[in-house]
Amino acid sequence: MSQKRYWLMKSEPGAYSFSDLIGEENSTAEWDGVRNYQARNMMRDDMKIGDGVIFYHSNAKPPGAVGTAVVVREGYPDHTAWDSESEHPDPRSTPDNPVWYMVDIKAVAEFERFVPLREIKATPGLEEMPLVKNSRLSVQPVTKQEWDIILALGAQE
DNA sequence: GCCAACGTTGGC
DNA sequence: GCCAACGTTGGC
């Protein structure tokens, strides 16, 4: 029985927001369209059912963490890669030989209080987050300590 | 809109 | 395998 892990996933709210996720059937969505190898590897190999996800709005005004989600399906091929009509087609990826993978996540709860990036950057204990260290990765690992700090910020009145 | 950081591509 | 050029991300 492996330890529950934690992640942070970015989305541009103009493209897909946390509200969009909540509005899905079962508040669940395929996390398709990721075309970065590091992010793919984490989704394919490391993300397990039950893992916690912080949902982060990038390219937003202001950017920040908006809520939590949970992994409900582990890595499987991203079928949008071989759909020429999709937003991120990649002809190298086929059903027999998939290049890109995704997971399914389900919304758990919106934070009572939005946690802006500005505050994440200023909070002791969060300095080592890839988010703070200028990483563009759209799927990032989060430690248990970081998870607890951010959830506390999001719960604050 | 600017631009720094970083990943990817492709010539050699 | 190196590395310059180029494209993308994403905060500001």
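All chains are named by letter (A, B, ...) in the order of the sequence lines, taking the proteins before the strands, and each is independently numbered beginning at 1.
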How many whole angstroms separate atom [atom1] of [X] from atom [atom2] of [N]?
X	N	atom1	atom2	answer
A:Leu137	B:dG7	CG	P	7 Å
A:Ile120	C:dG10	CD1	C1'	14 Å
A:Arg40	B:dT8	CZ	P	10 Å
A:Asn36	B:dT8	CG	C1'	10 Å
A:Gln140	B:dG7	CD	P	12 Å
A:Glu12	C:dT9	CD	P	7 Å
A:Arg136	C:dG10	CZ	P	7 Å
A:Glu87	C:dT8	CD	C1'	15 Å

Next on the checklist: Check the orientation of A:Tyr6 and A:Trp147. Use parallel for under 30°, tilted for 30 to 60°, and perpendicular for over 60°.
Outcome noted: tilted
Next on the checklist: Can you tell me how the ring of A:Phe55 sits relative to the ring of A:Trp31, calling it parallel under 30°, perpendicular over 60° and tilted otherwise?
Outcome noted: perpendicular
Checklist entry - Just checking A:Lys121: base, sugar-phosphate only, or nothing, at a heavy-atom cut-off of under 4.0 Å? => result sugar-phosphate
Next on the checklist: Regarding A:Asn59, tell me which of base, sugar-phosphate or nothing describes its non-hydrogen contacts under 4.0 Å with the strands shown.
Outcome noted: base
Next on the checklist: Starting the side chain at C-beta, find the nucleotide from B:dA5, B:dG7, C:dG10 nearest to A:Asn134.
Outcome noted: B:dA5
Checklist entry - Nearest to the side chain of A:Tyr37, which nucleotide is it out of C:dG11, B:dT8, C:dT9? => result B:dT8
Next on the checklist: Please check this pair: side chain of A:Asp78 against backbone of A:Gly33, looking for a donor-acceptor N/O pair closer than 3.5 Å.
Outcome noted: yes
Next on the checklist: Quick check against the 3.5 Å criterion: does A:Ser11 have a side-chain atom that pairs as donor or acceptor with the backbone of A:Tyr16?
Outcome noted: yes
Checklist outcome for this item: Sorted by position of nearest nucleotide on DNA chain B, 5' first, the leading residue of A:Lys133 and A:Arg92 is A:Lys133
Item to check | N/O (side chain, A:Tyr56) to phosphate O (OP1/OP2, C:dG11) under 4.0 Å | outcome: yes
Item to check | Presence of A:Lys10 side-chain N/O under 4.0 Å of C:dG10 phosphate oxygens OP1/OP2 | outcome: yes
Checklist entry - Can the ring centroids of A:Tyr37 and A:Trp100 be said to lie less than 6.0 angstrom from one another? => result yes
